[in-house]
Protein chains: 2
Amino acid sequence: MKLDSAKLKYIHTWGSLATSWGINKTMAQVHALLLVSTKPLSAEDIMETLQISRGNVNMNVRALIDWGIVNKEFVVGERKEFFVADKDIWELFKQITKERKKREIEPVLKVLEELQQVDDNSEDAQQFKQVLGDLSKVTNTVNNILDKAIKADEHWLLSNFTKAIKK
Amino acid sequence: MKLDSAKLKYIHTWGSLATSWGINKTMAQVHALLLVSTKPLSAEDIMETLQISRGNVNMNVRALIDWGIVNKEFVVGERKEFFVADKDIWELFKQITKERKKREIEPVLKVLEELQQVDDNSEDAQQFKQVLGDLSKVTNTVNNILDKAIKADEHWLLSNFTKAIKK
DNA sequence: TTAAACTTTCAATAATTATTGAAAATAAAA
DNA sequence: TTTTATTTTCAATAATTATTGAAAGTTTAA
């Protein structure tokens, strides 16, 4: 396969996978494009390669910066903004994990806790609280593991995890 | 808060959270309803509680059965089907993990591997392969950890993980 | 068999989410 | 200043995804 077609395939594959994770397709594609680019890209570059509008580029690049996985870069002699993606993939994984944890796991925990406050002692309520409690417990476990992963170093994490986990 | 309103709040909260994870809202609500129900529910019961159509109930209940987190149940003297959700939340977590891993992580690994076959040795191609390799490595790490989690027992996993992870 | 009870399918439609593009806002240069 | 380059916003629109509901299919009972 030729390099450019491989890059495009990668960009488009990433985009469709993102959809199943509830992430905007274009956002994923813009990120993928920046990730495999050897030089900083301008809004125009992105518009042209992905065939999308200026507004769309702007919105999605801002979102990526917001997620902490893309940065602005100044190019000498150029007035417009250029963008680069952090090339450290482990760092990328940690950033995404951190962001999704904050946006999606923490609010769950909050609601679960709030719902525990049912003032009812029927058998039915007991069962409901039991379910809520179990959900909290598992969610907390996952949350803690993610916390550790965010702080950990890749190799250290993997080797320790494997050590702990293997029979 | 009253029990029924707490249950409804739980069901609706779960539904909107599901959306951000790329899971159909109704599917999540049906599951939540079955999870907090003390008895098996029929399609009619679900239609009525969630105010959705028969076709919608059917599609989503099938999907939940497909994910392995809901089961059919026969009720004596009744001809129609009833449904129950597995109440073991850790089991639920494992099932969901298993399913998403299969649907979303494994295909990524396959594509990444395929893309490595670029027959080009330019510096640019080297960098591209480097990115692909790094993505594979991190994705594989996550995949392995999930594999272990799926097989593990909750308490054992948590305690071992914590042990390994803490300084 | 036939009829009744129930489940499934899927084209039509509704609801949601993403994208465009042009106008408004902002920043740099003349 | 004023002009020009660039970025941002957001109402209108397009694209996608979910839902309905009625017809077709299936299963059980009479």
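Smallest separation of non-hydrogen atoms from A/A43 and A/F83: N-CE1, 4.2 Å. Closest approach of A/N60 to A/N24, counting heavy atoms only: OD1-OD1, 3.7 Å.
Note: B/W21 and A/W21 have tilted aromatic rings, judged against thresholds of 30 and 60 degrees for the angle between ring planes.
Side-chain N/O atoms of A/T19 include none lying less than 4.0 angstrom from OP1 or OP2 on D/dT16.
If you measure from atom CG of B/L50 to atom P of D/dT20, you get 10 Å, rounded to the nearest angstrom. Atom CE of B/M47 and atom C1' of C/dC6 are 12 Å apart (whole Å). With rounding to whole Å, B/K25 atom NZ is found 13 Å from C/dT17 atom C1'. Atom CH2 in B/W21 sits about 20 Å away from atom C1' in D/dT17, given to the nearest Å. Atom pair B/N24:CG and C/dT17:P shows a separation of 11 Å (rounding to whole Å applied). For the pair B/E48 CD and D/dT20 P, the computed distance is 15 Å after rounding to whole Å.
Side-chain polar atoms of B/S122 and B/D124 form no donor-acceptor pair below 3.5 angstrom.
B/K2 places no side-chain N or O within 3.5 Å of a backbone atom of A/D120 that could act as its donor or acceptor partner.
Comparing D/dT8, D/dT19, C/dT7 against the side chain of A/E81 picks out D/dT8 as the nearest.
Contact check of residues 51-80 of chain B against DNA chain D (heavy atom, cut-off under 4.0 Å) returns B/Q51, B/I52, B/S53, B/G55, B/N56, B/R79.
Just one residue in the list A/K101, A/R103, A/Q95 forms a side chain to side chain donor-acceptor pair (under 3.5 Å) with A/E99, and that residue is A/R103.
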